[in-house]
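Presented below is the structure to which this report refers.
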Amino acid sequence: MPTAARRGIVLSMSLWGSRIFLSAVALLLPSMDRSQEPLDYFVTELRVDGSQHLVPIGSRSLVEPVEGTFYSVAHTGTGLTIVSHMEKKPGATQVERLLYLETNTNQVLDRIVKEDEILTGPFGTVYVEKTCFFNRPVASNFGHVTVMAGSSKDPSRREIPVQFSESPKDIPPLTSLSLVRIFQNDAGYLLASANYESSGELGSLNIAETKDGYVTPGRASTVFFFRVDLNKPVAEKYGIPLRIDVQEYLHLRRLSLPNVALHQEIVVVNQHFGFDKLIRQDQLENSAVVSSRYLRPFVTKEEETLDSECDSRFRQQQVMGLPTVE
């Protein structure tokens, strides 16, 4: 073969090899860029798209903002994405979490959790947790509204709802109730938080011991009563009725509770409206309501988008005879 022809073949092969190399680099560079992106970061905007993907917007920072609202984004080793919608108010020492969002491994929204502090004192905090599931069957994955005890000295705190004393005009339907009895014991405090369906049937009872504002490790538990009769002695121990006559309570503004062998500090009844869009909190003394206030949780942009589906799932649970409290 002539020398010129051999040179042409070598040159052609070299060019072909260069094209393959450049194509490989072009494919590799985006993955290299993605691998160098931080797994945990902060952004100031987030969008839930029409397919319920969580889309961070704007520049990503490794430094938590000093104040204002922002989103903490974390990618787990199991393939989930966890987003916390946070707010740091001017002069505040703790950041508040307004909403928790979590995807499944397909990066589609799986659940949201909202927590609001509704009572605070030397015993710690009492908070209400609302959980909604998405992209799961309602029959086996139902949302719930539940009240329980928490620590008051964590680095971040739960949302503080807006408080007002006058009854609002736009009150949604009553969807559940909760009864909180706070006792004092030698170790500190004991909190019994009972959650009732709107019919007045007891669904769950959360028990926790606290000391110096913290929940004592290993001293918190939940007992369920939905179609379960074995746990009746637990309710009796803390003076928790298995059923509340809701209409009688609303009419008389009284609730007689069994006496127990514990020193009682506080008794509170919470009425949860519209699956916790509004709360009326009554404080009781000697079985009678002595003071009341209303609490309205803040509605985030994400909730404005997702609330209609969340409410629809809660209503389906009610029609199917499934619990809405836990």
Side-chain angles (χ1 to χ4, degrees), residues 52 100-102 104 108-116 118 126-148 170-181 192-207 220-251 255-258 268-282 297 303 306-326:
Q52 294 189 340
Y100 171 95
L101 306 96
E102 182 179 297
N104 56 28
V108 177
L109 183 65
D110 182 62
R111 64 173 174 143
I112 62 174
V113 181
K114 190 176 185 67
E115 296 177 341
D116 282 89
I118 59 174
V126 174
Y127 69 96
V128 55
E129 177 187 283
K130 175 182 176 179
T131 298
C132 291
F133 289 98
F134 299 84
N135 303 297
R136 295 192 192 188
V138 173
S140 55
N141 300 273
F142 36 88
H144 60 265
V145 173
T146 185
V147 169
M148 64 185 75
D170 54 335
I171 298 182
L174 179 69
T175 48
S176 64
L177 300 94
S178 57
L179 165 65
V180 180
R181 300 190 73 172
S193 306
N195 298 283
Y196 295 84
E197 300 289 347
S198 58
S199 62
E201 300 298 324
L202 178 62
S204 68
L205 174 60
N206 295 302
I207 307 295
S221 61
T222 301
V223 179
F224 298 102
F225 292 85
F226 179 67
R227 297 175 181 169
V228 176
D229 296 326
L230 298 177
N231 295 323
K232 183 178 178 181
V234 181
E236 293 175 344
K237 178 180 178 180
Y238 300 104
I240 300 298
L242 297 179
R243 187 179 185 281
I244 291 177
D245 188 324
V246 178
Q247 294 305 317
E248 181 179 281
Y249 174 75
L250 297 179
H251 178 66
L255 181 62
S256 298
L257 298 173
V268 165
V269 173
N270 302 296
Q271 300 170 44
H272 304 268
F273 300 95
F275 306 110
D276 217 47
K277 291 183 177 61
L278 179 71
I279 303 166
R280 172 176 166 148
Q281 186 174 89
D282 297 333
E303 289 171 285
L306 300 168
D307 261 0
S308 60
E309 181 175 345
C310 178
D311 289 353
S312 175
R313 291 177 66 94
F314 269 116
R315 286 192 291 268
Q316 289 180 61
Q317 289 172 216
Q318 290 177 322
V319 170
M320 297 168 71
L322 296 172
T324 62
V325 299
E326 181 177 300

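The shown structure was predicted, so the numbers you read here are calculated from the model rather than taken from an experiment. Hydrogens, waters and symmetry mates play no part in the numbers below; they use all other heavy atoms, side chains included.
With sequence neighbours excluded, no residue satisfies side chain to side chain donor-acceptor pair (under 3.5 Å) with Asp245. Every residue two or more places apart in sequence or in another chain that forms a side chain to side chain contact (heavy atoms under 4.5 Å, CB included) with Val128 is listed here: Asp116, Ile118, Val145, Val147, His272, Asp276, Ile279. Listed by chain and residue number, Phe273, Leu278 satisfy the side chain to side chain contact (heavy atoms under 4.5 Å, CB included) test with Pro172 (two or more places apart in sequence, or in another chain). Residues passing the side chain to side chain contact (heavy atoms under 4.5 Å, CB included) test with Val113, sequence neighbours excluded: Tyr100, Arg111, Glu115, Glu129, Thr131. Shown here are the side chain to side chain contact (heavy atoms under 4.5 Å, CB included) partners of Pro233, two or more places apart in sequence or in another chain: there are none.
Applying the salt bridge (Lys or Arg N to Asp or Glu O under 4.0 Å) test to residues at least two apart or on different chains, the pairs with a partner in residues 311-326 are Lys277-Asp311.
Contact between Thr175 and Gly274 at its shortest, heavy atoms only, is OG1-N, 3.5 Å. Nearest approach of Gln317 to Pro323, heavy atoms of both residues: NE2-O, 2.9 Å. Across Leu205 and Ala235, no two heavy atoms sit closer than the pair CD2-CA, 4.1 Å.
Residue Glu201 holds its CD atom at 12.0 Å from CZ of Phe225, rounded to the nearest 0.5 Å. Between Phe275 atom CZ and Ser198 atom OG the span is 8.0 Å, to the nearest 0.5 Å. Atom CG of Asn206 is separated from atom CE of Met148 by 5.0 Å, given to the nearest 0.5 angstrom. Distance check: Cys132 SG to Leu109 CG gives 10.0 Å after rounding to the nearest 0.5 Å. Atom OG of Ser199 and atom CZ of Arg243 lie 6.5 Å apart (nearest 0.5 Å). Rounded to the nearest 0.5 Å, atoms OH (Tyr196) and CD (Gln271) are 13.5 Å apart.
Between the side chain of Gln281 and the main chain of Val268, no donor-acceptor pair closer than 3.5 Å is present. Within the 3.5 Å criterion, the main-chain N or O of Phe224 finds a donor-acceptor partner in the side chain of Asn231.
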request  = Run the numbers on Thr146 and Ser204 for side-chain contact (heavy atoms from CB on, under 4.5 Å), then give the verdict.
outcome  = CA-CA 8 Å; Thr146 185; Ser204 68; 4.2 Å; yes
request  = List the steps and the verdict of side-chain contact (heavy atoms from CB on, under 4.5 Å) for Tyr249 and Asp282.
outcome  = CA-CA 11 Å; Tyr249 174 75; Asp282 297 333; 2.7 Å; yes
query = When you look at Ile240 and Leu202, which way does the side-chain contact (heavy atoms from CB on, under 4.5 Å) test go after all the steps?
reply = CA-CA 9 Å; Ile240 300 298; Leu202 178 62; 4.1 Å; yes
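Taking 4.5 Å as the limit, some side-chain heavy atom of Lys130 sits within range of a side-chain heavy atom of Phe314. Taking 4.5 Å as the limit, some side-chain heavy atom of Pro241 sits within range of a side-chain heavy atom of Leu179. Annotation: side chain of Val108 is not in contact with side chain of Phe134 (no heavy-atom distance under 4.5 Å). Here the side chains of Asp110 and Leu101 are not in contact, with every heavy-atom distance at 4.5 Å or above.
Side chains of Ser178 and Asn270: a donor-acceptor N/O pair is present below 3.5 angstrom, by distance only. Side-chain polar atoms of Glu197 and Thr324 form a donor-acceptor pair below 3.5 angstrom.
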